[in-house]
Chemist: 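Sharing a structure with you now.
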Protein chains: 2
Amino acid sequence: MSEDAEAAPGSETIARLRRELARGTTELAVLSVLSVRRRYGYELLKVLRETGEGALEVKEGTLYPLLHRLEDSGHIRASWEAEGRARPRKYYVLTSDGRAYLGMLRVEWSGLVDGMRQLLDTLGEVQEWPTSGRSSTTTPKESDAT
Amino acid sequence: MSEDAEAAPGSETIARLRRELARGTTELAVLSVLSVRRRYGYELLKVLRETGEGALEVKEGTLYPLLHRLEDSGHIRASWEAEGRARPRKYYVLTSDGRAYLGMLRVEWSGLVDGMRQLLDTLGEVQEWPTSGRSSTTTPKESDAT
DNA sequence: CCCGATACCTTGCGCGGCAAGGTATTACAC
DNA sequence: GTGTAATACCTTGCCGCGCAAGGTATCGGG
């Protein structure tokens, strides 16, 4: 038994995958939630954790810097609100500028999803590619190559 | 007239958005194309440019390092092939390991798409949230805040 | 003979996600 | 009253992908 007990190399690979795929979608998810009503940061964490079936889960170290970025660029606005408590909550609302930005994000996202689906559909068809006359002389081996 | 003539700030914002959203999908697209038949690098550039309606367009500086990474991790295998030409082409084939990896990627991608769609659907409904009894006393202003 | 397309490659920067670590409050149990 | 978990906010530093920019060589057509 060696010291490095990394028996499951696939799990961290999945984590890396998920992290890369999630890139950019966090912004879309947060702004979408805020487009309905105002929320405070910690509330967003819970909403995203429970709504997206875990696929949209956001970590604190991701969310708070993101909110600050969105505030700096004027897409959302923050306001501290003490509802009778000593520790106030920081509520965020979408500005009209942010609403326009959200529109762009939605367009880009659906474009990507459509493009991806179209690619997979195209691959599904047994499409005949112009092989410039001289078809495959070497009879391409489609077998596995492990 | 100041020196920086950056009159269109939106276009480069879109570029940034698209770049962040595309994160990870390039790998999925490339492996999907290779799952049908072998391709050489430059060919992949053209296929992705023409198939995905521009949404999946990949730059050379992205593709070649990606192919090398995929080869190093054993998901694809390369072979130089001179078909009667002085400058041979580098063909890539999917290994069985890569096919399994592609399966994982597909699952993650569809999970993300489903999660996103579910989030948007949920927001569409006028869902009643438990406001802990004391409903909004301040009549939350849903108006814009620019 | 030149020029654009083909076909491969690299270096360096920017930026978002996150692990890890920090502080203070609230609430509930015991 | 005391402990402990959840709430609620925050920051620093690393990692890794996408890409602009730049480089080399071949091929085909005018």
Side-chain angles (χ1 to χ4, degrees), chain A residues 11-31 39-49 55-73 78-92 105 108 112 132, chain B residues 11-31 39-49 55-73 78-92 105 108 112 132:
Chain A
S11 60
E12 73 229 19
T13 301
I14 290 230
R16 206 207 78 240
L17 272 195
R18 198 169 291 197
R19 198 168 65 232
E20 293 302 326
L21 281 180
R23 207 83 173 219
T25 57
T26 307
E27 209 169 317
L28 175 55
V30 165
L31 291 177
R39 303 276 192 177
Y40 58 94
Y42 200 82
E43 197 183 5
L44 285 167
L45 285 176
K46 285 187 293 182
V47 169
L48 292 178
R49 181 170 298 130
L56 304 174
E57 189 175 341
V58 184
K59 307 297 160 47
E60 295 189 41
T62 301
L63 181 68
Y64 289 116
L66 170 62
L67 289 173
H68 297 156
R69 259 180 281 135
L70 288 173
E71 192 184 2
D72 288 345
S73 47
S79 62
W80 288 98
E81 230 147 306
E83 306 138 341
R85 50 170 64 224
R87 192 106 191 111
R89 289 162 170 166
K90 200 174 185 180
Y91 278 90
Y92 291 97
L105 249 177
E108 289 303 320
L112 183 63
S132 68
Chain B
S11 61
E12 74 230 17
T13 301
I14 291 231
R16 206 207 78 239
L17 271 195
R18 196 169 293 196
R19 197 167 68 230
E20 293 302 325
L21 280 179
R23 209 76 175 224
T25 58
T26 307
E27 208 169 315
L28 174 56
V30 166
L31 290 177
R39 303 276 192 178
Y40 58 94
Y42 200 82
E43 196 183 5
L44 285 167
L45 284 177
K46 286 187 294 182
V47 169
L48 292 178
R49 181 170 298 130
L56 304 174
E57 189 175 341
V58 184
K59 306 296 160 46
E60 295 189 39
T62 301
L63 181 68
Y64 289 115
L66 171 62
L67 289 172
H68 297 156
R69 259 180 281 134
L70 288 172
E71 190 183 2
D72 288 345
S73 47
S79 63
W80 288 99
E81 230 148 304
E83 305 137 343
R85 49 170 65 224
R87 192 101 193 115
R89 288 163 169 166
K90 199 173 183 180
Y91 278 90
Y92 289 97
L105 248 177
E108 289 302 320
L112 182 63
S132 68

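Reminder, nothing fancy here: chain letters follow the sequence lines and each chain counts from 1. Only this structure's heavy atoms are used, side chains among them; waters, hydrogens and symmetry mates stay out. Bear in mind the structure is a predicted one, so any value in this text is a computation, not a measurement.
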Chemist: Looking at C:dT10, C:dA19, C:dC8, which one has an atom nearest to any side-chain atom of A:Lys59?
Modeler: C:dA19
Chemist: Which nucleotide wins on minimum distance to the side chain of A:Arg89, given the candidates C:dC9, C:dC15, D:dA8?
Modeler: D:dA8
Chemist: Starting at the 5' end of DNA chain D, which residue's closest nucleotide do you reach first, A:Gly41 or A:Arg23?
Modeler: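 Of the two residues, A:Gly41 wins.
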Chemist: By nearest atom, which of the nucleotides C:dT10, D:dC9, D:dA8 is closest to the B:Tyr64 side chain?
Modeler: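 Closest nucleotide to the B:Tyr64 side chain: C:dT10.
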Chemist: Between D:dT26 atom C1' and B:Trp80 atom CH2, what is the distance in whole Å?
Modeler: 12 Å
Chemist: Looking at the side chain of A:Arg69, which of C:dG16, D:dC9, C:dT25 is the nearest nucleotide?
Modeler: C:dG16
Chemist: Among D:dC10, D:dC17, C:dC18, which is the nearest nucleotide to the side chain of A:Arg16?
Modeler: D:dC17
Chemist: Could you state the atom-to-atom distance from CD of B:Glu60 to P of D:dA21 in whole Å?
Modeler: 14 Å
Chemist: Can you identify which nucleotide, out of D:dC27, D:dC19, C:dC8, has its nearest atom closest to the B:Arg85 side chain?
Modeler: D:dC27
Chemist: Could you say whether A:Arg18 or B:Pro65 is positioned toward the 5' end of DNA chain C, judged by the nucleotide with the nearest heavy atom to each?
Modeler: B:Pro65
Chemist: Scan side-chain atoms only and decide if B:Glu43 and B:Tyr92 contain a donor-acceptor pair under the 3.5 Å cut-off.
Modeler: no
Chemist: Determine: side-chain N/O of B:Tyr42 to OP1/OP2 of C:dT6, distance under 4.0 Å, yes or no.
Modeler: yes
Chemist: When you get a sec, tell me which of D:dT7, D:dG16, C:dA7 is the closest nucleotide to the side chain of A:Arg19?
Modeler: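 So the side chain of A:Arg19 is nearest to D:dG16.
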